[in-house]
Amino acid sequence: MIAKWHKEAMAAWIVAFAVVVDADEKLSVRQLQGSACPASLETLQTNWGCPDGQLSDEILKDSSFSSGSNWVTRVQDEGLATFGYSSNGIAVTAIQDNDETPYHIQLIQPLELDQDGTEEGSFYSLCVQAAAGEAGSVQFAVDADGALNFAVAGGGVRRLMSLSGDEKLRSECFDFHLRPAPGKYTGRAVIDLGAMTGKVDVCQVSLRECSVRPQAGGLAPIRRCYLAPLETSGGCTLIEALRGSEFEVNEFGQETSGKETCLQRMRELEGDSFVFSIGSCEIWRCGSRAKLLKSSSKTDSAGEVFSQFCEYQEPKGGVGGLERRSPVYVQLWEWNFRDIARECAEYLGPNGFDAVQISPVTEHILGIQWFTKYQPVGFKLNSRSGNEEQFQEMVATCRKAGVQVMVDVILNHIALPCEEAYARGAEAVMPCKGWAGSPFGNRRINSDQGWKGPELFHNINGNLMGNCPVREDTIPWSCPDSDPPNDCTFCDFKGLPDWNTGLQAVQDTLARHLQELHRIGVTMIRVDAASYMKTEELSAIINRVPWDLVYQEWWDGVPEEKRSTSVGHYRDYKYGEKITRALAVDDINYMADLLNISHGLDGIPAERAVYPLAIHDKRTREADRYIPTYKNGLEFHQQQKFLLAWPKALMIRLWGGFSWETEDDGPPGRCGL
């Protein structure tokens, strides 16, 4: 019934667009008056990450709107907009209708695209350059037109570009990946302008293909592959084989420093893969994923393979990537280090768990609430879970038991200041005290590299002590005061001072913290508040070391392809919620729907998702059948068992926490008073 309604509504929508403005008969072709458009075209995909020489020529016809012959204009009602073409853009003057529906005013160009460009498919970027005199937003994408219900290419979502109304020229891009398929992809490039009022100058719309997989700015990730070691018979070339003390275990008894050194050497020699074993480092150049898999055939060696052609925690490994894997992790939320070590040795290791996820390990503010751990005051490894020595012992114990350690890292922000620091305003003082006694202040922290002041955090209008907020009273949350508008990566989430991760000094500071964790033996990370950090900046920070797994805190929406390929996987809690709803909430007549659960959030495939059941952000005071927690008793255990048994998930995370009375409760003992 719903599908039938959807088709009828779409048919009505198509009829509503019967008014097609003919550029030759109804539009005056004129030079744009007061246009913000540049006199000459520029390449808009410069930040896409496509290597030099791999970017195609322009695919669209007349990308700067010199005439109306290649573009179709559509309006919901006659007279809703006027269109003026010129040699350097089109002026669209929109008249506000009742509901600001984006697709009530459109610019469209039909197209056909190759989708077999590489073994991985084809990579495209559609970019729009525009300016406006009144604030509003433009959305755009490549989609499949009405024949396939306007499905967005690559399974993504339409790009939303906010224009602040200051006549400033802005450009943003919609990047998408077409997986290998026979024939051509038939669809259209479409720009929706119905949410704008007044005049919008659309200067250029550009669509180009990258002949290889693009990488975001910063560093490309080199991930552990879980493949058999490489041999030259499959097409990979051995560039250099190294042996030496720099590849032996470090002062913590871990091999991770050697892996980082091997990675650095690989980048110096312009390789794309390396094979590491204690005391040995082999640098390889494969050139493609197919050659990597074909070369993964060595059976008489225990070396670990790392490559840019692997995804994190792939479901197949071993010789040729043919052996099935299904990693299981457990979150021991807010457990202390000694208890985690004992759990690894006595239970997790013997029962085959792949990794344990632990709470943030850096020094934090005082307090008994759970969220105090998510307000770091520096990078000292001393928290209410234990001190640095206890942390090192825990990591060593878990890894000895065969359990990798995954740390929840906070790279987006620091702690809110105490009241005394607020009262001192912009004074360069640090009157607040952290868990281990370290001083901090208002947008100021201390560290081994000296104090870090307000100039290293995002600010607004040159006021170093203030910044735009993330508004939580809107759905989705918004940042109207950012520049550009609604780019929340520049703003303070919940008032927490937001690192300016575009600065080299900040990237170096955060990377040093991650490198310290890695040297101690941490091989996996979960990135807290990842969606509030720019892809390029985050990748430049985390990819200085070779990780076994990186996954991001994620709440909703389809992530950009470059975030997936340049940063890592996603926490997808919707999968667990679907299980809970089917087993504990819905009528038994719908029980069969349980067998149709294949994924969580739309747009995040299972191979890029870590599926939990319970998460610490969703806890309830009392039992709530809609929210999976231990308070639901046997229902919760049944749901965790189904999570383990149902084969659609490739990576799952179980829950081990503590009992609580309120949603803000921290671990037992009321530590931090």
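Starting from 1, each residue takes its place in the sequence as its number.
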- Go through Arg544 and Glu260 one step at a time and tell me if the side-chain contact (heavy atoms from CB on, under 4.5 Å) criterion holds. CA-CA 8 Å; Arg544 301 192 192 189; Glu260 186 176 342; 5.6 Å; no

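- Glu553 and Tyr573 form no side-chain donor-acceptor contact under 3.5 Å, judged by distance and modelled atom types alone.
- Residues Leu594 and Leu583 approach most closely at CD2-CD2, 3.5 Å, considering heavy atoms.
- Look at Arg625 and Glu635 and you find a salt bridge, because one of the NZ, NE, NH1 or NH2 atoms lies within 4.0 Å of a carboxylate O, short of that distance.
- Glu388 and Lys380 are not joined by a salt bridge, as no carboxylate oxygen comes within less than 4.0 angstrom of a charged side-chain nitrogen.
- For Arg653 (side chain) and Tyr611 (main-chain N/O), no donor-acceptor pair under 3.5 Å exists by modelled atom type.
- Glu314 contributes a side-chain N or O that, together with a main-chain N or O of Glu311, makes up a donor-acceptor pair within less than 3.5 Å.
- A salt bridge does not link Lys494 to Asp492: none of the charged side-chain nitrogens sits closer than 4.0 Å to a carboxylate oxygen.
- Proximity of the aromatic rings of His616 and Tyr374 is defined here by a centroid distance below 6.0 angstrom, and this criterion is met.
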- Message: Between Tyr570 and Ser564, is the side-chain hydrogen bond (donor to acceptor under 3.5 Å, both in side chains) condition met? List the steps.
- Response: CA-CA 8 Å; Tyr570 304 92; Ser564 302; 2.8 Å; yes

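- With no hydrogens or angles considered, no side-chain donor-acceptor pair links Asn467 and His458 at under 3.5 Å.
- His569 contributes a side-chain N or O that, together with a main-chain N or O of Tyr312, makes up a donor-acceptor pair within less than 3.5 Å.
- When the ring-ring contact (aromatic ring centres under 6.0 Å, His included) test is applied to Phe636, no partner is found at least two apart in sequence or on another chain.
- Within the 6.0 Å centre-distance limit, the rings of Phe176 and Phe174 are counted as a close aromatic pair.
- Salt-bridge formation is not detected for the pair Glu393/Arg338: no Lys NZ or Arg NE/NH1/NH2 atom is positioned less than 4.0 Å from an Asp or Glu carboxylate oxygen.
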- Message: Apply side-chain hydrogen bond (donor to acceptor under 3.5 Å, both in side chains) to residues Gln139 and Arg159 and explain how you reach the verdict.
- Response: CA-CA 5 Å; Gln139 72 175 23; Arg159 181 73 173 183; over 6 Å; no

